[in-house]
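Everything below concerns the one structure shown next.
Treat the numbers as computed from the prediction; the structure is a model and nothing was measured. Side chains included, hydrogens not; waters and symmetry mates left out as well; all remaining heavy atoms used.
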Amino acid sequence: MTFPKDFIWGAATASYQIEGAAKEDGRQESVWDDFSHQPGRTKYGASGDIACDHYHRYKEDVQLFSELGIPNYRFSVAWPRVLSYDNDSKGGAIHGKVNQKGLDFYDNLIDSLLEKNITPWLTLFHWDLPLVLERKGGWRNRDIRYWAAEYTELIVKKFGDRVKNFFTINEMPCIHGGYLGWMAPGIEISRKEQFNVMHNLLLTHGTMVQAIRANASAGTKIGLAHCGFANFPATDSAEDIAAFEKSMDVLEVKPETWHPQKGTGELNGGSLHYWCDPIYFGDYPKEAYEAFASYMPEILDGDMKIISSPVDFHGQNIYEGVAICAPTSDKDKEQGFSIKEFPYGYPTTGAKWNITPRSMRYFTKHISDRYKKPVIISENGLSTSDFISPDGKVHDTLRIDFTTAYLNELGKSIQDGANICGYFHWSILDNFEWARGYTERFGLVHVDYETQKRTPKDSAYWFRDVIKNNGTL
C-alpha cells in the first residue's frame with residue numbers, strides 16, 4: 001500500500017550503541033560504561049568503548065545516510081558527554097558543569113544532518129545515565145527530575161533552533177529493568193522501590209516535557225518512545241479481537257513469562273496502560289491500586305499534573321507480541337481470554353524474539369484509539385547474524401521479508417482508522433546491542449568492528465526504495 005501523504009520515514013540509533021570515544025573530550029562515565037566493564041554482564045565482555053566510532057566518523061555516516069535516502073534520523077544525546085558532575089558533592093542541589101566539546105559534537109552532527117536535508121529527531125535519554133547520578137540514587141531518587149530538567153534545558157536551548165522533534169525517554173520499562181538486575185546499573189531492589197522507580201521515570205518524563213515547552217520555539221513536537229510486548233489477536237475473528245482488547249486491560253503477568261494473567265500480583269513491567277494512562281489520563285489505572293495496593297508509589301500533590309503534561313505524539317517500539325485468543329478453558333473464562341502458545345519451530349529473530357507482524361496492526365490501533373495521539377513507530381527491526389558474502393555484499397533477505405510483513409500490517413492499521421504518522425527502522429547501523437554485545441546485527445548497514453568499514457546491506461537499498469515510493473512494497 002501507499003502510506004499517507006507526509007508520512008515520516010526514518011531510521012534510528014542511540015548514543016552509547018554507536019558513538020564510542022568513551023573517555024574522550026571530557027565525557028564522564030555512564031551506568032553502561034560501568035555495567036559493561038563488570039565481568040559477566042555482557043556477551044564476551046563487550047562494551048561501547050569504541051562501538052561504531054561514530055564520534056569520529058559522523059560526517060562519513062551522515063553522508064551515507066543521505067545516499068541511502070534517509071529523510072529523518074532519530075539519535076540520542078549522551079548525557080555524560082555534555083554535562084559532568086562532582087563526585088564529591090554531598091546533598092543539596094546537584095548541578096552539572098557544561099562540557100563544551102560534547103555540545104560541539106552534537107552541534108556539528110545536527111548541522112551535518114540539515115546540510116543533507118535530513119531532519120533530526122533527538123532522544124534526550126536513551127539509557128546512558130551519568131554514573132555519578134546513579135551513585136546519588138539514580139532513578140530511585142525523586143530529585144532526578146531536577147537533574148533531568150537542567151540537562152533538558154541545556155539541550156533545548158542549544159539545539160532547539162534546529163531540532164523541532166524531541167523524544168523524552170526511550171523505553172522506560174527497560175530502564176526499570178536496570179533495577180531488576182538485567183540491565184544497567186544492574187542492581188536489585190525491593191518491589192516497593194521498583195514501583196517508586198517507575199513513578200520517578202514518569203515524573204521525570206513530565207518534567208522534561210515541561211522543560212522542552214519552556215525553552216523550545218513554536219512548532220516543536222514532543223513525545224516518548226515506549227516499549228513492551230505488543231499483544232495481538234490470534235485470528236481476525238470477533239471473539240479473538242474481543243479477547244485481545246480484554247487482555248490489554250490486564251496489568252498483571254504470569255511469573256517467568258510475558259503472558260498477561262489476572263490474579264498473579266506481579267506487575268507486567270511492559271504494561272502499556274500502567275505506564276501510559278498516567279501520561280494521557282493523569283492517573284494510574286484503577287486496577288493498579290487494587291492489584292498492587294501495598295506497592296504503589298508515594299504520589300505527592302502535583303505529581304500527576306506534571307506526568308500528564310501534554311505531548312504531541314506517542315512513540316512505540318514494536319518487535320514482538322503475544323497471541324491472544326478467546327478463552328479455551330474454564331479457568332480463563334473469568335478473565336476473558338487465553339494465550340495461544342507459539343508452536344514448535346515458530347520463526348524467531350537472532351535474538352530469539354518471535355516474529356509477529358500482526359502485533360503491528362492491532363497494538364497500534366489500540367494505542368491510537370485509547371490515547372487519541374498520532375502514533376510513530378519509533379523502533380522496529382530484526383537482529384540476525386549478517387555477514388559479507390563472497391561478492392562483497394550483504395544479502396539480508398530475512399530483514400527485507402521481516403520489515404515487509406510488519407509494514408504491511410502497519411498499513412492495515414492505518415486502513416482500520418489508526419492515526420499512524422511515522423516509522424523509524426532500528427537500526428541504521430549495526431551496533432553494540434547492550435548485554436548481547438556484538439553478537440547480533442540490527443543494522444541496515446553492516447559495520448566491520450575491526451576496520452569500521454560500512455557496507456550497506458540489500459535491505460538498505462530496499463528501504464531506500466520503500467521511502468522513495470512512500471511505502472509501496
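Checked against side-chain hydrogen bond (donor to acceptor under 3.5 Å, both in side chains), Asp104 has the following partners two or more places apart in sequence or in another chain: Gln100. Taking the side-chain hydrogen bond (donor to acceptor under 3.5 Å, both in side chains) definition, one finds that His314 meets it with Tyr280, Gln316, sequence neighbours left out. Remark: Thr403 pairs with Arg399, Leu407, Tyr423, His425, Trp462 by the side chain to side chain contact (heavy atoms under 4.5 Å, CB included) rule, at least two apart or across chains. When the side chain to side chain contact (heavy atoms under 4.5 Å, CB included) test is applied to Leu114, the partners found at least two apart in sequence or on another chain are Ile110, Pro120, Arg162.
Within 6.0 Å of atom NZ in Lys254, 12 or fewer heavy atoms from other residues, nucleotides or ligands are found, so the atom counts as exposed in its surroundings. The number of heavy atoms from other shown groups lying within 6.0 Å of CD (Glu298) does not exceed 12. More than 12 non-hydrogen atoms from other residues, nucleotides or ligands lie less than 6.0 angstrom from CZ of Phe342. Residue-environment remark: NZ (Lys59) stays at or below the threshold of 12 foreign heavy atoms within 6.0 Å. Residue Lys262 places its NZ atom among 12 or fewer non-hydrogen atoms of other residues, nucleotides or ligands, all under 6.0 Å distant. Within a 6.0 Å sphere centred on CD1 of Ile306, other residues, nucleotides and ligands contribute more than 12 heavy atoms.
Counting only heavy atoms from C-beta outward, the side chains of Asp33 and Arg27 approach each other to under 4.5 Å. A 4.5 Å side-chain heavy-atom check between Met183 and Ile175 finds every atom pair outside the cut-off. With contacts defined as side-chain heavy-atom distances shorter than 4.5 Å, the pair Trp426/Asn431 qualifies. Counting heavy atoms from C-beta on, the side chains of Gln63 and Lys116 come closer than 4.5 Å.
Ring orientation note: the planes of Trp434 and Trp127 are tilted relative to one another, at an angle of 30° to 60°. The aromatic rings of Phe65 and His54 sit parallel to each other, their planes meeting at less than 30°, with 60° as the upper class boundary. Between Tyr289 and Tyr284, the ring planes are perpendicular. Angles over 60° get that label, and only those under 30° would be called parallel. The aromatic rings of Tyr106 and Phe75 lie parallel to each other, with less than 30° between the two planes, well short of the 60° mark. The aromatic rings of Phe125 and Trp79 sit perpendicular to each other, their planes meeting at more than 60°, with 30° as the lower class boundary.
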* Evaluate side-chain contact (heavy atoms from CB on, under 4.5 Å) for Asp49 paired with His37, printing each intermediate quantity in order. => CA-CA 10 Å; Asp49 287 358; His37 285 92; 3.0 Å; yes
* To do: Give the C-alpha distance, both sets of side-chain angles, the deciding distance and a yes or no for salt bridge (Lys or Arg N to Asp or Glu O under 4.0 Å) between Asp312 and Arg213.
  => CA-CA 11 Å; Asp312 301 294; Arg213 295 276 184 224; 3.0 Å; yes
* Asked: Stepwise, does the side-chain contact (heavy atoms from CB on, under 4.5 Å) test hold for Val209 with Thr168?
  -> CA-CA 7 Å; Val209 171; Thr168 55; 3.8 Å; yes
* Evaluation steps, side chain to side chain donor-acceptor pair (under 3.5 Å), between Ser368 and Lys373 -> CA-CA 6 Å; Ser368 178; Lys373 292 289 182 181; over 6 Å; no
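In this structure, Phe313 has its ring center closer than 6.0 angstrom to the ring center of Phe167. The aromatic ring centres of Tyr16 and Phe432 sit less than 6.0 Å apart. Aromatic rings of His273 and His366 (six-membered ring for Trp) have centroids within the 6.0 Å cut-off, being under it. Outside the 6.0 Å centre-distance limit, the rings of Tyr73 and Phe424 are not counted as a close aromatic pair. Ring-centre distance between Tyr319 and Phe229: not below the 6.0 Å cut-off.
At least one donor-acceptor pair under 3.5 Å links the side chain of Asp430 to the backbone N or O of Gly443. With hydrogens and angles ignored, the 3.5 Å screen pairs no side-chain donor or acceptor of Thr220 with any backbone N or O of Ala216. Looking at Ser30, its side chain never comes within 3.5 Å of a backbone N or O of Leu129 through a donor-acceptor pair.
Checked by atom type, the side-chain pair Asn170/Thr123 shows no donor-acceptor distance below 3.5 Å. Looking only at atom types and distance, the side chain of Trp32 has no donor-acceptor partner in the side chain of Asp128 under 3.5 Å away.
A salt bridge does not link Arg57 to Asp61: none of the charged side-chain nitrogens sits closer than 4.0 Å to a carboxylate oxygen. Checked for salt-bridge contact, Glu433 and Lys43 miss the test: no charged N lies under 4.0 Å from a carboxylate O. Salt bridge status for Lys101 with Glu24: absent, with no side-chain N to carboxylate O gap under 4.0 Å.
For residues 149-160, every residue pair satisfying the salt bridge (charged side-chain N to carboxylate O under 4.0 Å, His left out) rule, not counting sequence neighbours, is listed here: Asp107-Lys158, Glu153-Lys157. For residues 265-288, the pairs satisfying salt bridge (charged side-chain N to carboxylate O under 4.0 Å, His left out) are Asp277-Arg370, with sequence neighbours left out.
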